[in-house]
Amino acid sequence: MGDRKMSEAEARWKELKEIIEKANYHYYGLDDPIITDAEYDSYMQELLAIEREYPHLVTSDSPSQRVGGFVASQFPKVRHREPLLSLDNAFNAGDLRDFDRRVKSVAPDAEYVVELKIDGLTVALTYQDSVLVRGATRGDGETGEEITANVKTIRAIPLRLRDYPSLKIAPTLDIRGEGYMPKDSFLELNKSREEEGLPLFANPRNAAAGSLRQQDSRITAQRKLGFFAYQILQAEQIGLHTQQEVLKALSDLGFNVNRNYKVFASIEEVIDYCTSMVEERHKLPYEIDGLVIKVNSFAQQRELGYTAKSPRWAIAYKFPAEQVETIVRDIVINVGRTGVLTPTAILQEVFVAGSTVSRATLHNEDNIRDKDIRIGDHVLLHKAGDVIPEIIKSLPEKRTGREIIFEMPKECPSCGSPVSRLEGEAAHRCQNISCPSRQRETIIHFVSRDAMNIEGLGPAVINQLLENELIKDASDLYFLEEDKLLKLERMGKKSVQNLLTSIEASKQRGLAPLLFALGIRHVGVKAAKILANRYQTMDNLLQATTAELQEIGDIGEVMAKSIATFFADPANRAFIERLKIAGVKMSADQQVTSQILAGKSIVVTGTLKTWDRRSIEDLIERLGGKSSSSVSKKTSFVLYGDNPGSKLDKAKALGIPLYSEEEFKELLEKAAEQPER
Ligand code: IVH
């Protein structure tokens, strides 16, 4: 009997492994996702559950390796099969034309492949009989560090290569590429590190390097790293003759290949492309520090050969550093929701990395001390993650002697309470929970988009409401009266009505956004959703113990404690009670909305007029349906908008019902007329 159960489990495990591998290939190799993130997670959870019961299934190419778990005490050194070379740099068009002259003197008809130079770190991968057996850092080029367990957590790196015609000729394959951290992951990571008082990463490259050199691979798994492949050492052995063919083959093998590469015959076209990327790069979701120009043909590469340290057939065009000089006019303090005092530099306006900047966060006192930033100083500025203005360093040689050394205030600039710095924390905090600044930030958070989403309630209006004592905390918003609002400056009848409508609508947001709105430390959008799903009502959650919370996947010890502490506070309970009295919904959405799409799997394609992608997916889920990204026989119907993709054709071919946006709305309306089951 046990055997039977085991073989069934094994069969399912195989199936899941295939589904997950295929999903990865479509996502990274083809840039054409076939399942949603939620579906991916649920397959992964199922696979992990089977492996917990049958540990013999945990193979080195199992998708479960993606979640990490291996803890290295130190990284063994590994010698690279062939050294990793560095590239010569070009800084302007002249340097590129010189490079072209050198190339053309040897290979007059050379073509160039121009790739983005991803700003991450080189990762060298080794596959043995198609299975990933080793991942290593660059090190000194000859010897690197073995980081296989960490590398396996990167979803863009296949654990097993896809079938490829000539692979049998080369049982060992070495693939090289760039590991990197996307801009948004970097910003998110630093934000949470700042909240936890941890030192910040200076840029995505450092964050990626730090993440890949984590001793606990579970941490690497959480860091959302990406990988772009660009080289196969055994390319010629497997019948590839040009860099362009390599990029195509890498994609076929299941790798993520950056699609912005171009092939040019003349250096002037190369220069134009490089120049166009100087501004375009700010639109990319990852940082690049230049472009790499490679001679396409391997035969010509061989003819050109190498200098002592770099190939003659390639060059790196480096962007001018996006650093500008400006002056610190003042340093002001902002008191955040959690009472942290954040110093901000007020700058003389400058243009950097695509926009004008007049403020830069200084994070905390230590940072100001370490960089020795004084009021009046000339400073160098850049944008961290290409987004957040940050002072790199002060320029003491430009001081006049009139600069002022900044001191953190001893009292909160907002409420005058004493400010303290806790042991082991970089932050200074105002401990007064009713500090007006903290209240104000708490309200700003409460009404924000992912929270209660109250439109027309920006910081300026919130200030007005506080100053006129119409509200003390966010719960008072639900008791605002029209005539009092009308007496405020710049508040006309129309805007008052819009505001009240928006406040009224927010009562129906449901438990998940409400939990996020409460601003419980460490509870973000995702955790709020998990809690809402698990407990369904606020009353259930209020009774949960720390131990019970901690048993939920994705809720760690720190978060569990923070949640329990929050709900234990009588002031917070009273706040929730007031929301309840106001009629704010205290249950998860699924409970009350009708389930008219229950059991239906729906694929959306094209642009809809009424909904963007996220809101239509939300709606489908709220109505009990499942939103899927690929059409199959199991699809219940396809909802199509303007410019539908190939999914519509596929649905037609399979005879799946099609709904236009209008027809979908009619369906919803008809269903709404029928009494709920
Ligand atoms: S080719 C011999 N292509 O830039 C060829 N390198 O010195 C060597 N890099 O740290 C590298 N994107 O990791 C190449 N598309 C790309 C690249 C790239 C980023 C990095 C590489 C190395 C440095 C080159």
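No experiment lies behind these values; they were computed from the predicted model shown. Note that ligands are numbered from 1 as they come in the structure, with each ligand's atoms numbered from 1 the same way.
Of all the heavy atoms in S62 and L47, the pair that sits closest is OG-CD2, 3.9 Å.
In summary, the side chains of Q244 and E111 do not present any donor paired with an acceptor at a separation below 3.5 Å, with no hydrogens or angles considered. Between the side chains of R155 and Y40, a donor-acceptor pair is found at a separation under 3.5 Å.
Sorted by first then second residue, the ring pair (Phe, Tyr, Trp, His ring centres under 6.0 Å) pairs that include residues 76-105, not counting sequence neighbours, are F99-Y112.
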Return all side-chain donor-acceptor pairs below 3.5 angstrom for residues 223-231, not counting sequence neighbours, or 'none' if the list is empty.
{"unit_1": "R223", "atom_1": "NH1", "unit_2": "S211", "atom_2": "OG", "d": "3.0"}
{"unit_1": "K224", "atom_1": "NZ", "unit_2": "E188", "atom_2": "OE2", "d": "3.1"}

Let me check something: any side-chain donor-acceptor pairs from residues 197-207 under 3.5 Å, sequence neighbours excluded? List them with distances.
{"unit_1": "N203", "atom_1": "OD1", "unit_2": "R205", "atom_2": "N", "d": "3.2"}
{"unit_1": "N203", "atom_1": "OD1", "unit_2": "N206", "atom_2": "N", "d": "2.8"}
{"unit_1": "R205", "atom_1": "NE", "unit_2": "D119", "atom_2": "OD1", "d": "2.8"}

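Contact residues for ligand 1 (protein heavy atom closer than 4.0 angstrom to any ligand atom): S86, L87, E115, L116, K117, I118, T122, E178, Y230, V292, K294, P311, W313.
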